[in-house]
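What you see below is based on every heavy atom in this structure, not just the backbone, and it leaves out hydrogens, waters and symmetry mates.
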Amino acid sequence: MSKADNKHKELLEKIKEFRLMDDDFMSKVFEDNFECIELILHIIMQKPDLKVKEARTQYSIKNLLGRSVRLDIYAVDNIGKKYNIEVQRADKGAGTKRARYNSSVIETNSLAPGSKFEDLPETYVIFITENDVMGANEPIYHIDRIVRETGQIFDDETHIIYVNGSYIDDSPLGLLMHDFSCKNPNDMHYKLLAEKTRYFKEDEKGVAAMCKIMEDLIDSEKRESALRLLKIGKLSNEEIAEGLGLTIEVVNALEVESKSLG
């Protein structure tokens, strides 16, 4: 078997192991798929009539004065409410200040110059986490601001929700979390999710699309590693190229790029 064949076989084995809890795979499954995004929001928000009018995956929001963000899923419903759905396997990726920042960046980009503050839309930042990051063994956690002295809700219409991916039962939310943890689409409960998962795991075109994404990710990671090694400066360009499986031309170009960036 050739080196290329071995590489392709390895990619196919990795695709078999993917779950919706893996954000790269999840993003592809939900790309341009309003129905699947609506399904998630129907269950988490408990609003079966919610309609999505706009949705994007891996959506970048630029912040000229601070750190920009890339959202796993960004959606707007038919009455203008905005949703950011983030899938996180690592607990540290779902920190409280990450949720706060995502919320603030969405809001900052929601008002045009001259608009009134009252025009700010209601926003939801939703983390679906592999573990129970809140630690109270609840299936879902709703975070809203309150007035401490009175206990009343401070209704600024910003909401943060954590969904505990480890809480699996026979409720709609529990079944959804089961599906997010499934490798085999035949074991999934929700037909929409199963069909899209099966497409990218078993259909020739879907598998080819996933292989291309994975190859691009691997190439991107190699380039980032090369840039770090060039910055350290302990290895020659030839050694970096050989160690990472890159051509010397690529490493030389990255060296020029790193010097131009300072």
Side-chain angles (χ1 to χ4, degrees), residues 20-64 68-88 94 98-129 140-145 153 155-163 165 171-173 175-177 179-180 188-200 206 209 213:
L20 292 176
M21 196 61 77
D22 299 301
D23 60 356
D24 291 323
F25 184 69
M26 178 277 301
S27 294
K28 196 61 183 174
V29 169
F30 287 93
E31 184 180 44
D32 300 322
N33 194 321
F34 285 26
E35 286 184 312
C36 282
I37 295 172
E38 282 180 350
L39 173 64
I40 291 181
L41 292 175
H42 288 170
I43 295 169
I44 293 175
M45 302 300 299
Q46 295 186 327
K47 293 182 178 179
D49 58 342
L50 186 153
K51 294 293 183 183
V52 170
K53 71 173 184 178
E54 178 186 349
R56 304 176 197 176
T57 59
Q58 296 301 310
Y59 175 55
S60 294
I61 299 180
K62 302 294 183 183
N63 182 355
L64 298 179
S68 301
V69 296
R70 179 177 292 178
L71 310 179
D72 285 349
I73 297 175
Y74 169 79
V76 183
D77 70 16
N78 59 331
I79 58 174
K81 295 182 181 181
K82 296 188 174 185
Y83 305 85
N84 166 215
I85 303 172
E86 296 289 321
V87 174
Q88 289 292 333
R98 165 86 183 274
R100 172 185 167 188
Y101 192 71
N102 280 22
S103 179
S104 67
V105 172
I106 293 170
E107 291 168 0
T108 302
N109 284 269
S110 294
L111 279 188
S115 300
K116 299 178 181 178
F117 291 119
E118 289 75 16
D119 295 330
L120 273 171
E122 190 165 2
T123 61
Y124 293 83
V125 173
I126 301 169
F127 279 99
I128 299 175
T129 60
I140 191 167
Y141 303 88
H142 296 84
I143 296 95
D144 295 292
R145 292 179 181 175
I153 293 291
D155 192 16
D156 60 353
E157 295 191 337
T158 60
H159 314 278
I160 296 170
I161 297 173
Y162 283 82
V163 182
S171 68
L173 185 61
L175 295 178
L176 180 65
M177 292 303 98
D179 286 2
F180 263 73
M188 299 174 80
H189 293 282
Y190 290 101
K191 183 179 178 181
L192 276 173
L193 299 181
E195 287 177 347
K196 290 297 291 185
T197 298
R198 184 175 294 108
Y199 174 75
F200 287 108
I213 289 170

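For Pro121 against Gly80, the heavy-atom pair with the smallest separation is CB-O, 3.4 Å. Considering every non-hydrogen atom in both Val52 and Glu38, the closest pair reads N-OE2, 2.8 Å. Met26 approaches Val87 most closely through the heavy-atom pair CE-CG2, 3.6 Å. Closest heavy-atom contact between Asn78 and Lys53: CA-CD, 4.2 Å. Contact record, Ile160 with Arg100: CD1-N, 4.3 Å, taken as the closest heavy-atom pair. Residues Met21 and Gly165 come closest through the heavy atom pair CE-CA, 4.3 Å.
In Gln46, the CD atom is not crowded: 12 or fewer heavy atoms of neighbouring residues, nucleotides or ligands sit closer than 6.0 Å.
For residues 68-86, the salt bridge (Lys or Arg N to Asp or Glu O under 4.0 Å) pairs, not counting sequence neighbours, are Lys81-Glu122, Glu86-Arg98.
We find the CD1-OH distance between Ile40 and Tyr190 to be 10.5 Å, quoted to the nearest 0.5 Å. Interatomic distance, Met177 CE to Thr129 OG1, rounded to the nearest 0.5 Å: 8.5 Å. Atom CD1 of residue Ile44 and atom CG of residue Leu176 lie 6.0 Å apart, to the nearest 0.5 angstrom. Here the CD1 atom belonging to Ile128 is positioned 9.0 Å from the CG atom belonging to Leu20, to the nearest 0.5 angstrom. Atoms CD1 and CZ, on Ile37 and Arg56 in that order, are 11.5 Å from each other to the nearest 0.5 Å. Taking CZ of Arg145 as the reference point, atom CG of Asp156 lies at 4.5 Å (rounded to 0.5 Å).
The main-chain N or O of Tyr101 is found under 3.5 Å from a side-chain atom of Ser104 such that the two form a donor-acceptor pair. Under a 3.5 Å cut-off, the side chain of His42 and the backbone N or O of Leu50 do form a donor-acceptor pair. A donor-acceptor contact shorter than 3.5 Å links the side chain of Tyr162 to the backbone of Ala94. At distances below 3.5 Å, not a single donor-acceptor pair connects side-chain atoms of Asp179 with backbone N or O atoms of Met188. Side-chain atoms of Ser60 never come within 3.5 Å of backbone atoms of Leu71 as a donor-acceptor pair (strictly under, hydrogens ignored). Side-chain atoms of Tyr83 never come within 3.5 Å of backbone atoms of Ile73 as a donor-acceptor pair (strictly under, hydrogens ignored).
Under the rule for a side chain to side chain contact (heavy atoms under 4.5 Å, CB included), the partners of Ser27 that lie at least two apart in sequence or sit in another chain are Thr57, Gln58. Partners of Phe34 by ring pair (Phe, Tyr, Trp, His ring centres under 6.0 Å), not counting sequence neighbours: none found. Partners of His159 according to the ring pair (Phe, Tyr, Trp, His ring centres under 6.0 Å) rule, which considers only residues two or more places apart in sequence or in another chain, are Tyr124. Residues passing the ring pair (Phe, Tyr, Trp, His ring centres under 6.0 Å) test with Phe25, sequence neighbours excluded: Phe18. For the side chain to side chain contact (heavy atoms under 4.5 Å, CB included) test, residues two or more places apart in sequence or in another chain that qualify with Glu35 are Asn33, Leu192.
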Kindly determine whether Phe30 and Leu193 satisfy side-chain contact (heavy atoms from CB on, under 4.5 Å), including the steps that lead there. CA-CA 9 Å; Phe30 287 93; Leu193 299 181; 3.8 Å; yes
Give the intermediate values and the outcome of side-chain contact (heavy atoms from CB on, under 4.5 Å) for residues Glu157 and Leu120. CA-CA 9 Å; Glu157 295 191 337; Leu120 273 171; over 6 Å; no
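The only option from Asp144, Ile143, Ile126 that meets the side-chain contact (heavy atoms from CB on, under 4.5 Å) definition with Ile161 turns out to be Ile126.
The residues Glu31 and Lys28 are annotated as salt-bridged, a charged nitrogen and a carboxylate oxygen being separated by less than 4.0 angstrom.
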